[in-house]
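Report on the structure given below.
Computed from a predicted structure; not experimentally measured.
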Amino acid sequence: MTTTRAFLNLAPLAAALAAGPALATDGYFSHGYGMKAKGMGGAATALAQDSFGGANNPASMVWAGSRLDVGLDWFSPVRSARRSDAGFATLNGKVDSGRENFAVPEFGYNRMLGSDMSLGVSVYGNGGMNTSYPQGSFDCGGGPANMLCGSGKLGVDLMQLIVAPTIAYKLSEQHSVGASLLLGYQRFKAEGLQAFDNAPGFPPFTGSPGNVTNRGYDSATGAGLRIGYMGRLSDMVAIGASYSSKVNMGRFKKYRGLFAEDGNFDIPSNYSVGVAFMPTPAWTIALDYGRINYSDVASVGNASLPVAPLGAANGPGFGWKDANVVKIGLAWRMNGAWTLRAGFNRGDNPIRSADVTFNILAPGVMNDHYTAGFDWALDNNSELTGALMIAPRRSVSGPSLFNGVMGAGAAGNETISMRETSLGIAWSKKF
């Protein structure tokens, strides 16, 4: 089988493996891509450990060798929302989101084309805007309602899948560059937001009534580009840098009355720089700094306080600020069969207190992530990799958006909370 034919045969398999829900922790980006990186707090920009360079640093693929990586992560986000101190007591209460267990696959493939060039594909996902709250016992003045004064179940489901064909080239024995074409697919649905769909008794929130909620799933596709550089300055020091453009996606037409810019929901640009130290052949210390530019996307970065109708070019969004992320990881090659990993990931919480109401739907408030992992060599060419992540509970509180509708203090304050756990296993084969 030729290299090109093998690549074309594996790419559809990659898409199929990653078509399930994809969750996230740094906002709605994952704390790491690839099970090895997940065990090291996500640090990967200056490392070449696997075939997930399309998600981390495309330039790393030419150092990773020919290999296949397939894994599965169990991800459990526990989310809740609470309203208190409302002037109308029927608005007070607490709800917990269902959907606390997700299976998240991962897939990567890389093939060396000689000693100085590689061709591969990384398949990864973003998400985290996945909530499902029961109606609860709220009453906004017209009978039973959910926490956002709509009817029935309340929540959203966002999944973003990226298939990243990647080419990398060694400029010299120490330096490489790479590029990944980011082919994006996403789908979304919202339920229970009738109060924002120009419902009786509420202001005309949207400029496109009938296109805000309960429209079922909608999908969109798009494309972007990631570029990267890696330098192995010595046997002890490596550096890396990676930049992803905004992935320009098609519009969610069914939800053009909810998202700013007539239903637009692009994937924001992001970048990272990293350094890795190998003081001895057995030890690796990696440090990354990254930034996710959520303000690139109006439907994510615009403030949620209404200054224009939902769906307008300058319409309300989730109010997410840009997020800085620091990742540190440690790996110890204990012997020829076992490698142990540990890491820490600290990301900015992108949600301000003024935007809590909308983010009941997407409580991406996490800061700290503690990780551990291992490799177990099955033979000279295959291994199992495991990774654990624990993110302690984080909460954000703020005044309810409904205070501006019902009167000062009428809807009190709201608090969103979240904690996370993930546990994954992957199999790798070198060839």
Side-chain angles (χ1 to χ4, degrees), residues 23-31 41-42 75-89 91-102 126-138 146-149 153-158 192-193 292 294 300-301 303-305 316-327 344-371 389-404 409-422:
L23 282 300
T25 54
D26 288 324
Y28 65 88
F29 281 48
S30 178
H31 75 283
F75 181 79
S76 179
V78 179
R79 297 144 296 178
S80 64
R82 175 172 53 88
R83 185 181 292 116
S84 59
D85 304 318
F88 297 109
L91 292 176
N92 290 324
K94 180 178 180 291
V95 287
D96 298 315
S97 175
R99 304 188 64 191
E100 294 182 354
N101 296 284
F102 298 86
N126 298 317
M129 286 186 174
N130 306 73
T131 47
S132 179
Y133 298 103
Q135 179 168 288
S137 57
F138 302 94
N146 60 43
M147 192 171 187
L148 291 184
C149 296
K153 185 168 62 176
L154 170 68
V156 296
D157 187 359
L158 171 70
L193 297 175
I292 306 169
Y294 288 118
V300 178
S304 61
L305 293 174
F318 286 88
W320 284 26
K321 63 182 181 180
D322 296 341
N324 300 298
V325 184
V326 176
K327 307 175 181 181
F344 176 71
N345 174 305
R346 170 78 177 187
D348 289 340
N349 161 35
I351 299 172
R352 303 173 178 92
S353 60
D355 300 293
V356 165
T357 300
F358 266 23
N359 284 286
I360 290 170
L361 299 171
V365 296
M366 304 312 302
N367 282 128
D368 298 335
H369 311 79
Y370 301 90
T371 70
M389 183 275 291
I390 297 174
R393 182 176 298 278
R394 177 78 163 84
S395 300
V396 176
S397 299
S400 174
L401 181 68
F402 289 117
N403 287 324
N413 299 296
E414 293 158 347
T415 299
I416 52 177
S417 299
M418 190 177 189
R419 61 179 173 87
E420 298 172 334
T421 307
S422 70

For the atom pair [atom1] ([X]) and [atom2] ([Y]), what is the distance rounded to the nearest 0.5 Å?
{"X": "Asn349", "Y": "Lys321", "atom1": "CG", "atom2": "NZ", "result": "6.5 Å"}
{"X": "Met418", "Y": "Ser395", "atom1": "CE", "atom2": "OG", "result": "11.5 Å"}
{"X": "Asp85", "Y": "Ser400", "atom1": "CG", "atom2": "OG", "result": "11.5 Å"}

How close do [X] and [Y] get, counting heavy atoms only, and between which atoms?
{"X": "Met366", "Y": "Pro392", "answer": "CE-O, 3.0 Å"}
{"X": "Ile416", "Y": "Val356", "answer": "CG2-CG1, 4.1 Å"}
{"X": "Ser80", "Y": "Asp96", "answer": "CB-OD1, 3.1 Å"}
{"X": "Phe138", "Y": "Lys94", "answer": "CZ-N, 4.2 Å"}
{"X": "Pro399", "Y": "Ser353", "answer": "CD-O, 4.1 Å"}
{"X": "Ser397", "Y": "Thr415", "answer": "OG-OG1, 2.6 Å"}

**Message:** Can you confirm whether Arg394 is buried at CZ, in the sense that more than 12 heavy atoms of other residues, nucleotides or ligands lie under 6.0 Å from that atom?
**Reply:**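 Atom CZ in Arg394 is crowded, with more than 12 foreign heavy atoms closer than 6.0 Å.
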
Does the [X] side chain pair with the main chain of [Y], one donor and one acceptor, at a distance under 3.5 Å?
{"X": "Tyr133", "Y": "Ala81", "answer": "no"}
{"X": "Arg83", "Y": "Met147", "answer": "yes"}
{"X": "Asn92", "Y": "Ala86", "answer": "yes"}
{"X": "Asn403", "Y": "Ala410", "answer": "yes"}
{"X": "Thr371", "Y": "Gly41", "answer": "yes"}
{"X": "Asn367", "Y": "Gly347", "answer": "yes"}
{"X": "Asn146", "Y": "Gly192", "answer": "yes"}
{"X": "Thr131", "Y": "Ser97", "answer": "no"}

Are the side chains of [Y] and [X] in contact, using a 4.5 Å heavy-atom criterion?
{"X": "Pro350", "Y": "Phe318", "result": "no"}
{"X": "Phe402", "Y": "Leu148", "result": "yes"}
{"X": "Thr25", "Y": "Phe75", "result": "yes"}
{"X": "Val396", "Y": "Asn359", "result": "no"}

**Item:** side-chain contact (heavy atoms from CB on, under 4.5 Å) between Asn345 and Met389, worked out
**Value:** CA-CA 10 Å; Asn345 174 305; Met389 183 275 291; over 6 Å; no

**Message:** Angle between ring planes, Phe29 versus Tyr294, binned at 30° and 60°: parallel, tilted or perpendicular?
**Reply:** perpendicular

**Asked** side-chain contact (heavy atoms from CB on, under 4.5 Å) between Asp355 and Trp320: does it pass, once the steps are laid out?
**Response** CA-CA 8 Å; Asp355 300 293; Trp320 284 26; over 6 Å; no

**Request:** Under the side chain to side chain donor-acceptor pair (under 3.5 Å) rule, collect the residues that match up with Arg352, sequence neighbours excluded.
**Result:**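 Testing Arg352 for side chain to side chain donor-acceptor pair (under 3.5 Å), a comparison that skips the adjacent residues, returns none.
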
**Request:** Given side-chain contact (heavy atoms from CB on, under 4.5 Å), test Val78 with Arg393 step by step and report yes or no.
**Result:** CA-CA 9 Å; Val78 179; Arg393 182 176 298 278; 4.3 Å; yes

**Asked** Given His369, which of Ile390, Asp26, Val325 fulfils the side chain to side chain contact (heavy atoms under 4.5 Å, CB included) condition?
**Response**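 Exactly one option meets the side chain to side chain contact (heavy atoms under 4.5 Å, CB included) with His369, and it is Asp26.
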
**Asked** So, Asp348 and Asn324: side-chain donor and acceptor under 3.5 Å apart, yes or no?
**Response**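 Yes, a side-chain donor-acceptor pair sits under 3.5 Å.
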
